[in-house]
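The structure appears below as structure tokens.
In this chain, numbering begins with 1 at the start of the sequence shown.
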Amino acid sequence: MNFAEQLAGYIARVEKGLEQHLPGASERPARLHEAMRYAAQGGGKRLRPVMTLAAAEVFGITNDAALPAAIAVECIHTYSLVHDDLPCMDNDDLRRGRATTHKAFDEATALLAGDALLTHAFFLLAENYSGELARNLIRELSDAAGSRRLIGGQMEDLLAEKKADATQDELDFIHLNKTAAMIEASLVLGGLVGRANEDDLGSLRLAGRHLGLAFQIIDDILDATADTATLGKTAGKDAKADKTTYVKLHGLDRARQLATEQTEKAVTAFSNLPNDAAFLVELTRQLTSREK
């Protein structure tokens, strides 16, 4: 099976898992659950849950044992996008090529749908795993999504808007937490389900850290160079908001160099895993050479 076929297989499992593990659209309150499904089932790369499934498979999990963890990751990611698009944040009308949740429904419903997706993620982990594994999964995901990482990175990102003297250290803090934390957690959750040892979990963490930075740098580059139709979301938002980005701080050429450096560091970390991680290596290269 080639890479494209493997990726399609993982994505199909994620889509099936979303259908299975989200509340039914007609379940009361129907409008809330419809909005949750609209946000979560609206397409996207499914990068994070695919990584969870692929990391678990590196450690021998070929069934759907890691699927609830993968869906929990996607719930967290989707909630963060729903809230990020709200008028009080980025005030965006387009996400994944269609209307953002607050445009398709209303602002209050979108806010509640994001809240519900966040809490549903931890319900899935508690409902589908037990004992030490459940505790480790919940601790890992809650740390990645909490005030010191995902939300903290978002806060620092807001504070860095229109800041003329932002530093590399501030920029790295934003994206090691706002972006890389959830990629790191996605991989580690798969490793935990696969009962990976501490050294191998460390390799997954390191790979996620570097891949997360590479992914964000490419995102910054695309925001500055691609158009809205290609991206499926509004292009040029960073410059309009005067955000601190790798492009703003380093220029396009150096940003591309940094993306390449971080990509190679991620590949090296994946190569340190004891079993075949060829899919994750190729996924890394595909994601960091993407055009949208």
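At most 12 non-hydrogen atoms from other residues, nucleotides or ligands lie less than 6.0 angstrom from CG of Asp253.
Met89 belongs to a hydrophobic cluster whose remaining members, ordered by chain and number, are Met155, Leu158, Leu159; membership requires side-chain heavy atoms of ILVMFWY residues under 4.5 Å apart, directly or through intermediates. Think of Met1 as one node in a network of Ile, Leu, Val, Met, Phe, Trp and Tyr side chains linked at under 4.5 Å; it has no links at all.
Of all heavy-atom pairs between His33 and Glu27, the closest is ND1-O, 2.7 Å.
Legend: residues meeting ring pair (Phe, Tyr, Trp, His ring centres under 6.0 Å) with Tyr79, ordered by chain and number and at least two apart, are His83. A search for ring pair (Phe, Tyr, Trp, His ring centres under 6.0 Å) contacts involving His250 returns nothing, not counting sequence neighbours. In this structure, the ring pair (Phe, Tyr, Trp, His ring centres under 6.0 Å) partners of Tyr38, at least two apart in sequence or on a different chain, are Phe105. Phe270 pairs by the ring pair (Phe, Tyr, Trp, His ring centres under 6.0 Å) definition with nothing, not counting sequence neighbours.
A salt bridge links Arg205 to Glu140: one of the charged nitrogens lies within less than 4.0 Å of a carboxylate oxygen. Between Glu264 and Arg285 a salt bridge is recorded (basic side-chain N to carboxylate O distance below 4.0 Å). The pair Arg96-Asp85 does not count as a salt bridge, with every side-chain nitrogen at least 4.0 angstrom from each carboxylate oxygen.
Judged by distance alone, with hydrogens and angles left aside, the side-chain atoms of Ser80 form a donor-acceptor pair with the main-chain N or O of His77 at under 3.5 Å. Under a 3.5 Å cut-off, the side chain of Ser186 and the backbone N or O of Pro49 do not form any donor-acceptor pair. No donor-acceptor distance shorter than 3.5 angstrom exists from the side chain of Arg95 to the backbone of Thr101, with no hydrogens or angles considered. Remark: side-chain polar atoms of Arg13 are not paired, donor with acceptor, to backbone N or O of Val50 under 3.5 angstrom.
Side-chain contact between Leu117 and Ile76 is absent, with no heavy atoms from C-beta onward closer than 4.5 Å.
Checked by atom type, the side-chain pair Gln216/Asp220 shows a donor-acceptor distance below 3.5 Å. Checking Glu107 against His102 by side-chain atom types alone, no donor-acceptor pair falls below 3.5 Å.
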